[in-house]
Every structure is written in C-alpha cells, then in structure tokens.
Amino acid sequence: MEATGVVLVADVGKSRCRVELRSGNELLGAADQHGFPGVHVDNGPTLAFDLLLETISQLPPGLPISTLTGIGAAVAGVEASAEKSRELATMLAQRFSVPAAVLSDATAAQLGAFQGAPGTTLIVGTGAVAFRFDESGVLHRADGWGPYLGDRGSGRWIGQQGLQAVLEAHDGGPATSLTAAAGALVESPDMLPGWLAATENPYRAMARFAPLVLHAAEAGDAVAHDIIGEACRILTRTVKLASGADNGSTPRVAMLGGVVGSDFFAALLRKSLASAGIEVVAPLGEGLDGAALAATRRGLIQERYIHRDGTNWPN
C-alpha cells in the first residue's frame with residue numbers, strides 16, 4: 001500500500017546527514033550537516049535520532065512538519081544491526097507519530113535506482129559495493145567490505161593507488177604527473193606517509209586524491225591510466241559477482257556514486273561492463289528517492305531488508 005502526503009526522508013551517512021521534506025515529487029525543504037559513526041555502534045540509535053532531530057531543526061521555517069504521513073531514513077550501519085535499526089525506527093515513529101522505515105544506504109540506492117524493481121546497483125564513492133535484489137527479493141552483494149578488506153576500485157582505492165605510484169616514482173619507478181599533483185599536499189613525496197597519518201580520516205583523504213588520478217589519466221598519463229583501467233576491471237568483476245552474470249544471465253546495472261560522476265571514468269567503466277555482457281541503465285533515482293519509496297510503500301520485494309517500527313500503515 002502507498003501513503004500519500006508529506007514525507008520526511010533522510011540519508012544519514014558517516015560523512016554527511018541529509019534531510020528532505022517532500023510532498024510527492026515536490027521538494028519542500030532540505031538541510032544537511034555532518035554524519036555519524038553508524039547506527040550499529042554503542043548508543044547508535046540515539047546518536048542517529050539526535051542527529052536527525054538537529055538536522056530537521058535546520059529545515060527552513062514554516063514547513064508542514066506537523067502533517068507528516070511517513071519517514072524513510074537510509075542510515076549507515078543498518079546491515080550490521082537489525083535490532084538497533086528497528087529501535088531507531090521506533091524512536092522516529094514515536095517522536096513524529098507516523099510510520100517510520102530505516103534501511104541501509106545501499107538498499108536505499110538500489111530502491112531509488114530501480115524504483116522497487118529487481119536489478120543491480122553499483123555504488124562507487126569512497127567505498128565500492130554492488131547490490132542486487134532478485135525477483136524473489138533476495139539480496140546479492142559483492143564487496144563493500146571496507147578499506148581494510150575490500151572497496152576495491154573505489155575512490156579510496158584509486159586515490160591510494162595514485163599516492164603509491166607517486167612514492168614508487170620517488171623510489172625510481174615509472175615517472176608520473178601524479179608527483180606534481182601530490183605537490184599540492186606535501187613538499188616532497190617522502191612526506192606523504194606522515195601527511196596521511198596526521199589526517200582525521202585517511203580513507204577520505206585518499207579518496208580526495210582520486211579526481212587528480214582521473215584528471216591525469218584523461219590527460220594521457222600512462223601510470224594513472226593503468227590505475228583507472230584496473231579499477232574498471234575490478235568493478236566489472238564486482239558487478240559480475242553480484243549480478244549473476246557468471247551464471248549466464250544478461251543483467252542490468254545502474255551506476256551511482258561520486259566517482260562515476262566523472263564522464264571520463266563512467267565511459268571507461270560502461271565499456272568494461274559492456275564487454276562483460278552487462279547492460280548499463282540510467283538510474284531512476286538515488287538513495288533519498290529509495291528512502292521515500294520505503295516511507296510510502298509496503299510490500300516491496302526488498303521488504304525483508306527494511307526495518308519498520310510496527311505501526312499500522314494507513315489505508
């Protein structure tokens with residue numbers, strides 16, 4: 001069943017919290033600020049709840065918050081704790097007296113990209129993960145295992161490979177224009193390890209070097225181009241694992257995330273995916289659209305991965 005009216009949707013990530021008030025397809029207001037560690041950590045539901053209330057308070061005045069019919073929140077850490085995710089949903093429902101749905105950011109992205117239909121979504125940002133829901137609503141995923149054990153081909157991975165190439169060139173390896181790019185960060189390549197160790201979030205810092213690697217590759221730097229080519233091969237393999245392409249199917253994939261916002265990179269990745277028999281389709285929406293869908297509709301094939309508060313859904 002679908003609910004109509006004003007809905008509050010949120011994307012509560014580790015680096016950013018975004019909140020929107022919507023009425024159908026109309027955006028009534030938006031606010032955003034810093035993120036949080038994840039709902040799965042100690043006191044995670046309360047941290048997320050307080051952050052959401054604080055962000056909601058930053059919405060423009062005069063919005064019809066009192067007429068809410070539902071809440072959908074894509075939240076970091078959901079896949080690690082269903083119990084805490086349901087606890088957050090209950091807290092939101094009790095605070096606003098409307099049904100609330102909490103889901104992972106990856107589930108929300110897939111929901112938004114395919115508007116509830118089956119399909120595979122590849123998300124390439126600081127991390128990298130491929131998410132597929134099949135016709136039965138079963139989740140198939142590949143990678144997204146974090147910077148220590150996974151996220152290969154991601155913005156962090158590309159940036160890290162670029163910085164490593166700078167150090168290899170410093171040691172006498174292949175010359176690269178990335179050395180000059182790293183000069184904006186440190187006076188000498190041998191200072192890079194200390195610079196990285198001193199940053200608050202090393203993985204995000206490495207990811208911020210990824211656009212420079214992309215630029216160098218597009219400009220013809222052979223070392224950077226090899227890094228981007230390898231990232232495309234890795235991400236193609238990730239999609240194949242999640243999508244079932246190795247089982248003879250001809251899957252569809254929608255690409256989301258900041259890294260695929262680069263036309264140069266997206267074109268190379270589409271070519272790599274096409275060579276593996278994978279059709280790239282334009283996403284119908286993004287994570288906040290998926291959160292809105294979870295807030296306004298029940299009975300989705302992804303339902304088992306959406307954590308609700310237990311409130312009766314309005315007729």
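Each of L139 and V102 belongs to its own hydrophobic cluster when Ile, Leu, Val, Met, Phe, Trp and Tyr are linked at side-chain heavy-atom distances under 4.5 angstrom. By the rule that hydrophobic residues join a cluster once side-chain heavy atoms approach within less than 4.5 Å of another member, I123 and V12 end up as members of separate clusters. Taken together through direct or relayed side-chain contacts under 4.5 Å among Ile, Leu, Val, Met, Phe, Trp and Tyr, L256 and F114 form parts of separate hydrophobic clusters. Side-chain heavy atoms closer than 4.5 Å link hydrophobic residues (I, L, V, M, F, W, Y) into clusters, and following such links, possibly through other members, connects V259 to I234. Hydrophobic clustering, with ILVMFWY side chains joined whenever heavy atoms are under 4.5 angstrom apart, groups V75 together with L53.
Taking all atoms of both residues into account, the shortest heavy-atom contact from A113 to T121 is CB-OG1, 3.8 Å. The minimum heavy-atom distance between L88 and A48, with the atom names listed, is CD2-CB, 3.8 Å. Closest approach of F131 and V129 over heavy atoms only: CD1-CG2, 3.8 Å. Summarising the geometry of T179 relative to V166, their closest heavy-atom pair is N-CG2, 3.8 Å, with the distance given to 0.1 Å. Minimum interatomic distance between H140 and A242 (heavy atoms only, all atoms of both residues): CB-O, 3.5 Å. Here the closest non-hydrogen pair linking G119 and Q110 is O-NE2, 3.0 Å.
With hydrogens and angles ignored, the 3.5 Å screen pairs no side-chain donor or acceptor of S272 with any backbone N or O of L268. D226 contributes no side-chain N or O that, together with a main-chain N or O of V223, makes up a donor-acceptor pair within less than 3.5 Å. Put simply, the side chain of T69 never gets that close to the backbone of V7: no donor and acceptor are under 3.5 Å apart. A donor-acceptor pair under 3.5 Å links the side-chain atoms of S104 to the main chain of T107, judged by distance alone. D143 contributes a side-chain N or O that, together with a main-chain N or O of R152, makes up a donor-acceptor pair within less than 3.5 Å. No side-chain donor-acceptor contact under 3.5 Å links Q94 to the backbone of M91.
One distance of note links OG1 of T126 with CG of N201; it measures 8.0 Å at 0.5 Å rounding. Atom-to-atom distance recorded for L51:CG and T46:OG1 is 12.0 Å, nearest 0.5 angstrom. The distance from the OG atom of S66 to the CG atom of L63 is 10.5 Å, given to the nearest 0.5 Å. If you take CZ on R132 and CG on D134, they are separated by 5.5 Å, rounding to the nearest 0.5 Å. For the atom pair Q164 CD and L178 CG, the distance stands at 12.0 Å (nearest 0.5 Å). The CG atom of L192 sits 9.0 Å away from atom NE2 of H170, with the distance rounded to the nearest 0.5 Å.
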| task | Run the numbers on D11 and R18 for salt bridge (charged side-chain N to carboxylate O under 4.0 Å, His left out), then give the verdict. | result | CA-CA 5 Å; D11 182 0; R18 295 187 293 161; 3.2 Å; yes

| message | side-chain contact (heavy atoms from CB on, under 4.5 Å) for R22 and V9? Distances and angles first, verdict last. | response | CA-CA 8 Å; R22 298 182 176 189; V9 296; 3.8 Å; yes

| task | Decide yes or no on side-chain contact (heavy atoms from CB on, under 4.5 Å) for T199 and L196, but give the supporting numbers first. | result | CA-CA 5 Å; T199 61; L196 190 61; 4.2 Å; yes

| said: For L52 and C17: C-alpha separation, side-chain torsions, deciding distance, then whether side-chain contact (heavy atoms from CB on, under 4.5 Å) applies. | reply: CA-CA 8 Å; L52 276 168; C17 175; 4.3 Å; yes

| Worked verdict on H215 versus D221 for side-chain contact (heavy atoms from CB on, under 4.5 Å) | CA-CA 9 Å; H215 178 75; D221 184 273; over 6 Å; no

| Do K84 and E87 pass the salt bridge (charged side-chain N to carboxylate O under 4.0 Å, His left out) test, and can you show the C-alpha distance, the side-chain angles, and the key distance before you say yes or no? | CA-CA 5 Å; K84 290 184 176 181; E87 182 181 345; over 6 Å; no

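Contact of the L68 side chain with the L21 side chain is registered, since non-hydrogen atoms from C-beta on lie closer than 4.5 Å. Looking at L122 and L269, their side chains come closer than 4.5 Å, going by heavy atoms from C-beta outward. A heavy-atom distance below 4.5 Å is found between the side chains of R304 and V138. Counting heavy atoms from C-beta on, the side chains of L163 and W195 come closer than 4.5 Å. In this structure, E168 and D171 have side chains that are not in contact, with every pair of non-hydrogen atoms separated by 4.5 Å or more. A 4.5 Å side-chain heavy-atom check between R308 and R298 finds at least one atom pair inside the cut-off. You'll find the side chain of F96 reaches within 4.5 Å of the side chain of I56, heavy atoms only. Under the 4.5 Å side-chain criterion, counting only non-hydrogen atoms from C-beta, L8 is not in contact with V98.
Aromatic ring centres of F133 and Y305 lie closer together than 6.0 Å. Between F36 and F49, the ring center distance fails the sub-6.0 Å criterion.
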